Every structure is written in structure tokens, then in C-alpha cells.
Amino acid sequence: MAVDLLLGLQWGDEGKGKIVDVLTSNYNIIARFQGGPNAGHTLVFNGKKHVLHTIPSGIFHDDATNLVGNGVVIDPVIFKKELDKLEEQGVDYRKSLLISRKAHIILPTHRLLDAASEAAKGKAKIGSTLKGIGPTYMDKTGRNGIRVGDLELSDWKTRYRNLADKHESMISYYNVDIEYDLADLETEFFEAIKVLKSLKFIDSEEYIYQAQKSGQTILAEGAQGSLLDIDFGTYPFVTSSNTTAAGACTGLGVSPNKIGEVFGIFKAYTTRVGSGPFPTELFDKDGETMGRVGNEFGATTGRSRRCGWLDLVALKYACQVNGVTQLMMMKGDVLSGFKTLKVCTAYKYKGEEIYHLPYNIEPENVEPIYTEFNGWAEDLTAMSDAAQLPKALNEYIDFLEKELEIPITIVSVGPDRKQTIFRGELVS
Ligand code: GDP
Ligand code: IMO
Ligand code: MG
């Protein structure tokens, strides 16, 4: 069987966790392939909210296997906290949660290095979640990292010490004021490592291969979004992994010709948390309304998210880079009550009108050109059928489908699992 992908098409927080949870009943295996605890994926069902960071969003379904793939970076301390929360909810994760031996481990000093690097950048800071993501991927590509499989080797603590010592000298190189007590951090870290070691480590590429061969269905759950991709995002204001479709191949060991459907997920407007350019960002009452009604606060850091109109130029680019086959539009309910809606359909770039994402989208280079739409007043949150959707919303959807040449198969009208409207049969 082919592996289907679910990817965020904007700057993250599109609602991936919710949709993976909704789709899990169609799949045997849910697999994360990149990122780490910088992600915050929110699921709401039975009146309860759950936030996952590293653990795949299929974990609440008894029948699904959840795999943390080789492309993911794991912070054992955060991972343990996630497990504790699952235990409180009575989730029996022991039989359903698998971890790739090739996934890299975030050390306490990786987190400190992240903080030191950001502090040293001053105003140019990336706005990292400070979870140690950048430094851990740097050690991975620099061939210095410690992997989950290393925990099974007798000398791993020596390797840990050497790397942590090196990190400490790098921290002092930054010459910034960072207070920490490494001994304390290490006590917590080694306790968490014990818990991690009690889970099932596997050679995940072999597992995925055999699962595909035996006809099991697999959904790969992206983290972050295409505009945060290390290659295709708004560099340097990006994360340190490939968040786009190709990342699923390297992050799981799946060959490109075994990728099936590519579900692309986007908000009916745009948000961004952290620094970096955002052409359609709003600094007025409309932006404030989106943030308030959409409850736009980061699920990992609690920071307020910047809000703006939908950017179709950027969305088209993300669809191209990922080969999206079906779209899912989230948070349509948040736009109820706006008299007029705007969609950015082109950029003014160096005096010219352009329709693609150029190298530099800083405000001094790019000005959005908008197409306006009538809004709708109806509250969507209690709707459950596509036939109930207001005419103006259908016009908005029709326009996007026509421009993007991809069907929108799900419209989400609230955070709950049940607030999900299917527009026809979902192909998977
Ligand atoms: P993820 O990182 O892509 O999984 O998304 P987050 O969980 O970080 O952010 C999405 C936020 O929007 C969460 O608070 C969700 O509960 C919420 N959400 C998801 N879909 C909808 C929707 O259709 N309407 C509204 N109002 N909220 C939604
Ligand atoms: P999910 O999976 C939104 C952003 C940070 C920062 C930049 C780099 O929940 O959609 P990093 O910690 O990776 O070094 O931060 O990327 N960022 C996210 N923004 N959603 C996320 O994940 C994010 N993960 C990282 O805010 O701008
Ligand atoms: Mg999130």
C-alpha cells in the first residue's frame, strides 16, 4: 500500500493534529517523520483538549500503531511528560507506540545552545520555540548526534559526556547571559531516558517496508508547515527540517514512488508565530478579530500568533512543492461575521505583478494584491453537512479550488473531532 501524507501548507498550526485524529480510523499506522517538540498538535474530543508534541496524533485510537520515525528529534524529558499525560487519560500506549532507532535525541545542552544562539542574534532572532531543534539537527548533519539506538550501547554515556562538554564550550563562545544548572537538567534527562528505554525501539524503515508489503495503511503526519521548510520556507526564519513531502521519504525511509495521497491542510486565513516575513499580515481590527475568535495562541509556547488574510500565492507554491492531491480548509468558522474577505492573489514585486513566491518576500519587496469576497454571517460551528454551508462560503471555496486546481475535500468548522464536514468521498 502507498503511504498517504498529511502536511501543513502555511507556517504551521493549520490543524494537522485534529485532522490526523479524524482520519486515523482509516489507517493502521500513523507516523511522524520530522520535527520534534517544537510541534504542538491539538486534538479535541469528548469535551477534552489534548496537545501532543512528539507523539503521533493517532495515539487515542486503540487500533492504530503510532510510529516516531527516524527523521524526528526526541527530547526524552518532553516525551516523558507526554507519556505521563497519556497515562492519566488511561491511554495504553505501550503496545501501540514504536520509536525508530535512528531518531536523534535532543540533549539538555541542545536546548541551552538554542537559547544562546537566539540571545546572540538579538533583533534578528528566529523566534525559535527554544526546544533545541536547530542544534540537534546541526549535530545530526554534522555527524555528531546521539540516536535512540545508541541508548542500547554500553558506551553511550561517554559519548553523551563528550558531546555535552563540547556544547558547554560552544555556549560560552556565544558570550551571552544564560543561567543554568546542568546537573539538575541531567538528573531529569537521565530519569526520562529510563522511561524512553522502556518503550519499543525498532528498525523503522524495515518495519514500514514490511507493513506496506502486507497491505497495511499508513498516514504520515507532518509537523510545522511548508513555509517553515529548511529549503523551501522563508529562510532563515524557518525550522531545521524538511517539512514538505520529500521529508516523509527521508524521515521514514519510504521511496517516492510509494507515496499515495498528499493531503494539504490550510487555514481559511493565515497565521505565523515567531519572526520572519508575512506579506498578508494584518495590524488592524480584522487581524485582532482573527486572533481572538480563532484563539490564536501557540500550542507549544503560548505565544500569540500573527494573523492575516489567506495568501494564495504562497498556498499555490506549497501545493506545487508537495504535489498536493486533496485540500482541507480549517477554521472557516473563524471568518463568520466578516463583511468582506480578502485573498492575496498576486504580489506587487519591484513594480511588477507576479503570481509566484519570489526569493525575497520582505515587506520592502512585496506588496500583496487582493481579490475581495463577500463574507457570511452564519455560525458554522453546529453544521455537519456540506449542504448547510452558506452560499458566500461556497463561493470562497469554489474560487480557491479553481485557482489551485485541487479539490477541497474537508472543511473544518470548529476544533472538535465532530466539527468536520466532508465534501464528497475522501480518497485514501
Ligand atoms: P497543528 O499544529 O497543525 O496540529 O495545529 P495546532 O493544534 O497548533 O493549532 C490549531 C488550533 O486550532 C488548535 O487550537 C485547534 O484546536 C484549533 N482548530 C482546529 N481546527 C479548527 C477549526 O476548524 N475551527 C476552530 N475554531 N479551531 C480549530
Ligand atoms: P506545528 O507542528 C508553528 C516556528 C517557530 C519559529 C521557527 C523555528 O505545531 O505546526 P524551531 O523551534 O523549529 O527552531 O522554530 O519555526 N515553529 C512553528 N510554528 N507551528 C509549529 O509546529 C512550529 N514549529 C516551529 O515559531 O518561528
Ligand atoms: Mg501547532
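Because the structure is a prediction, the values reported are computed rather than measured. When a ligand or atom number is given, it counts from 1 through the structure's own listing order.
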S.K.: What protein heavy atom lies closest to atom 4 (O) of ligand 1? Include the residue and the distance to one decimal.
M.R.: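 Among all protein heavy atoms, the one nearest atom 4 (O) of ligand 1 is G17 N, 2.8 Å.
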S.K.: Verify whether one side chain among Q388 and E378 offers a donor that lies under 3.5 Å from an acceptor in the other.
M.R.: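 Absent: no donor and acceptor within the cut-off.
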S.K.: With atom 15 (O) of ligand 2 as the reference point, say which of S240, A299, S128, G134 has the nearest heavy atom.
M.R.: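 Ranked by closest heavy atom to atom 15 (O) of ligand 2, first place is S128.
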S.K.: Below a 4.0 angstrom heavy-atom separation, can you tell me which part of H41, side chain or backbone, both or neither, approaches ligand 2?
M.R.: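 It is the side chain that gets close, since no backbone atom is under 4.0 Å.
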S.K.: Do F190 and Y160 make the cut of ring centroids closer than 6.0 angstrom?
M.R.: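 Distance test on ring centres: under 6.0 Å, yes.
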S.K.: For the aromatic rings, using the six-membered ring if either is Trp, is the centroid distance between H104 and Y137 under 6.0 Å?
M.R.: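 Ring centres of Y137 and H104 not closer than 6.0 Å.
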S.K.: In ligand 2, which numbered atoms sit nearer than 4.0 Å to a non-hydrogen atom of W11?
M.R.: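 With W11 as reference, the close atoms of ligand 2 come out as 3 (C), 19 (N).
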S.K.: Using non-hydrogen atoms of the residue, decide whether G35 is closer than 4.0 angstrom to ligand 2.
M.R.: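 In this structure, G35 fails to qualify as a contact of ligand 2 - no heavy atom is under 4.0 Å.
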S.K.: How about K18 and S412: does a side-chain donor come under 3.5 Å of a side-chain acceptor?
M.R.: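 Short answer, yes.
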S.K.: Name the option, out of E14, R305, M328, that contains the heavy atom nearest to atom 9 (O) of ligand 1.
M.R.: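 Going through E14, R305, M328 one by one, R305 has the nearest heavy atom to atom 9 (O) of ligand 1.
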S.K.: Between E14 and ligand 2, is there a nitrogen or oxygen pair with a distance under 3.5 Å?
M.R.: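 No; the residue has no nitrogen or oxygen that sits under 3.5 Å from a nitrogen or oxygen of the ligand.
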S.K.: So, does D114 sit close enough to ligand 2 that a heavy atom of it is under 4.0 Å from the ligand?
M.R.: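 So D114 does not count as touching ligand 2.
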S.K.: Quick check on G40 - does any of its heavy atoms sit under 4.0 Å from an atom of ligand 2?
M.R.: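 So G40 counts as touching ligand 2.
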S.K.: For atom 15 (C) of ligand 1, what's the nearest protein heavy-atom neighbour? Residue, atom name and distance, please.
M.R.: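 Protein heavy atom at minimum distance: T42 CB, 4.0 Å.
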S.K.: Could you identify the single nearest non-hydrogen protein atom to atom 16 (O) of ligand 1 and state the distance to 0.1 Å?
M.R.: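 Protein heavy atom with the smallest distance to atom 16 (O) of ligand 1: P415 CB, 3.4 Å.
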S.K.: G294: heavy atom below 4.0 Å from ligand 1, yes or no?
M.R.: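 For ligand 1, residue contact (heavy atoms, under 4.0 Å) with G294 is absent.
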S.K.: In terms of atom number and element, which parts of ligand 1 are under 4.0 angstrom from non-hydrogen atoms of V334?
M.R.: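 Those qualifying, in numeric order: 26 (N).
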S.K.: Taking distance alone, with N or O pairs closer than 3.5 Å, would you say V273 contacts ligand 2?
M.R.: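 The answer is yes, given that V273 and ligand 2 share an N or O pair closer than 3.5 Å.
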S.K.: Ignoring hydrogens, just give me the one of A223, S241, G127 whose non-hydrogen atom is nearest atom 6 (C) of ligand 2.
M.R.: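 Heavy atom nearest to atom 6 (C) of ligand 2 belongs to G127.
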S.K.: Using atom types as modelled and distance alone, determine if a side-chain donor or acceptor of Y207 lies under 3.5 Å from a backbone N or O of L98.
M.R.: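 Side chain of Y207 to backbone of L98: no pair is present.
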S.K.: Any atoms of ligand 1 less than 4.0 Å from a non-hydrogen atom of H41? List them with their elements.
M.R.: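 Reading through ligand 1 atom by atom, the close ones are 1 (P), 2 (O), 4 (O), 7 (O).
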S.K.: Looking only at protein heavy atoms, which one is nearest to atom 10 (C) of ligand 1, and how far off is it?
M.R.: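 The closest one turns out to be D13 O, 3.6 Å.
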S.K.: Atom 26 (N) of ligand 1: which protein heavy atom is closest, and how many Å away?
M.R.: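 Protein heavy atom at minimum distance: D333 OD2, 2.7 Å.
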S.K.: Just to check, does Q224 reach to within less than 4.0 Å of ligand 1 when the distance is taken from its heavy atoms?
M.R.: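 Flag not set, Q224 not near ligand 1.
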S.K.: Please name the atom of D13, limited to N, O or S, that comes nearest to the Mg ion (ligand 3).
M.R.: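 When I compare the N, O and S atoms of D13, OD1 is nearest to the Mg ion (ligand 3).
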S.K.: Just to verify, which of L393, L310, I410 counts as forming a side-chain contact (heavy atoms from CB on, under 4.5 Å) with M329?
M.R.: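 So, applying the side-chain contact (heavy atoms from CB on, under 4.5 Å) to M329 and each of L393, L310, I410, only L393 qualifies.
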S.K.: When you compare the side chains of D21 and H50, does any donor N or O come within less than 3.5 Å of an acceptor on the partner?
M.R.: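 H50 and D21 do not have a side-chain donor-acceptor pair below 3.5 Å.
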S.K.: Got the closest protein heavy atom to atom 6 (P) of ligand 1, with its distance?
M.R.: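 Looking only at protein heavy atoms, the one closest to atom 6 (P) of ligand 1 is G40 O, 3.5 Å.
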S.K.: Could you tell me if any non-hydrogen atom of G12 lies under 4.0 Å from any atom of ligand 1?
M.R.: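 No, that is not the case, since the closest heavy atom of the residue is not under 4.0 Å from the ligand.
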S.K.: Considering only heavy atoms, does L43 approach ligand 1 within less than 4.0 Å through its side chain, its backbone, both, or neither?
M.R.: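 For L43, there is no contact with ligand 1 at all, from either part.
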S.K.: Consider only side-chain N and O atoms of T371 and T345, and report whether a donor and an acceptor are under 3.5 Å apart.
M.R.: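 Yes, because at least one side-chain N or O of T371 sits under 3.5 Å from a partner of the opposite role on T345.
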S.K.: Look up atom OG1 in T42 and atom CG in L52, then write down how far apart they are to the nearest 0.5 Å.
M.R.: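 So the gap between those two atoms works out to 8.5 Å.
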S.K.: Are side-chain N/O atoms of N322 and S226 paired as donor and acceptor at under 3.5 Å?
M.R.: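 Result is yes, a qualifying pair exists.
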S.K.: May I ask you to identify, for L228, whether its side chain, its backbone, both or neither come under 4.0 Å of ligand 2 on a heavy-atom basis?
M.R.: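 The part of L228 near ligand 2 is the side chain, not the backbone.
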S.K.: Just jot down the ligand 2 atoms closer than 4.0 angstrom to any heavy atom of A39, in number order.
M.R.: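 Per the distance check, 1 (P), 2 (O), 9 (O), 22 (O).
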S.K.: Could you tell me the separation between the OG1 atom of T24 and the NE2 atom of H61, rounded to the nearest 0.5 Å?
M.R.: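 One gets 4.5 Å once the value is rounded to the nearest 0.5 Å.
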S.K.: Does N295 come within less than 4.0 Å of ligand 1, judged by its heavy atoms?
M.R.: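 It does not, in that no heavy atom of N295 comes within the 4.0 Å cut-off of ligand 1.
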S.K.: Looking just at side-chain N and O atoms, do E82 and T54 make a donor-acceptor pair shorter than 3.5 Å?
M.R.: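 Yes, a side-chain donor-acceptor pair sits under 3.5 Å.
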S.K.: Among protein heavy atoms, which sits nearest to atom 8 (C) of ligand 2, and what does the distance come to when rounded to 0.1 Å?
M.R.: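 Scanning the protein heavy atoms, the shortest distance from atom 8 (C) of ligand 2 goes to V238 O, 3.4 Å.
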S.K.: Measure up the W376 and Y396 rings against each other and bin them: parallel (under 30°), tilted (30 to 60°), perpendicular (over 60°).
M.R.: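 Because their plane-to-plane angle is over 60°, the rings of W376 and Y396 count as perpendicular.
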S.K.: Quick one: look up the protein heavy atom nearest atom 20 (N) of ligand 2 and list residue, atom name and how far away it is.
M.R.: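 The closest heavy atom on the protein side is D13 OD1, 3.1 Å.
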S.K.: How far does CG of N28 sit from CD of Q212, to the nearest 0.5 angstrom?
M.R.: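 If we round to the nearest 0.5 Å, N28:CG and Q212:CD are 12.0 Å apart.
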S.K.: In ligand 2, which numbered atoms sit nearer than 4.0 Å to a non-hydrogen atom of R303?
M.R.: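 Answer for ligand 2: 5 (C), 26 (O).
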S.K.: Is any N, O or S atom of A39 under 2.8 Å away from the Mg ion (ligand 3)?
M.R.: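 No, outside the cut-off.
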S.K.: Nearest heavy atom to atom 28 (C) of ligand 1 wins, so pick from K267, M330, K18, K331.
M.R.: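 Of the listed residues, K331 has the closest heavy atom.
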S.K.: Under 4.0 angstrom from ligand 2, any heavy atom of K131?
M.R.: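 No, that is not the case, since the closest heavy atom of the residue is not under 4.0 Å from the ligand.
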S.K.: Is it true that N38 and T239 share a donor-acceptor pair across their side chains at a distance under 3.5 Å?
M.R.: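 Short answer, yes.
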S.K.: Check whether any N or O atom of T239, backbone or side chain, sits under 3.5 Å from an N or O atom of ligand 2, and answer yes or no.
M.R.: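 So ligand 2 has an N or O lying under 3.5 Å from an N or O of T239.
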S.K.: What distance do I105 atom CD1 and H110 atom NE2 have between them, rounded to the nearest 0.5 Å?
M.R.: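 If we round to the nearest 0.5 Å, I105:CD1 and H110:NE2 are 10.0 Å apart.
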S.K.: For ligand 2, which atoms have a heavy atom of G274 less than 4.0 angstrom away?
M.R.: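 Answer, ordered by atom number: 27 (O).
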S.K.: So, 4.0 Å and heavy atoms of K16: is ligand 2 close enough to count as a contact?
M.R.: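 So K16 counts as touching ligand 2.
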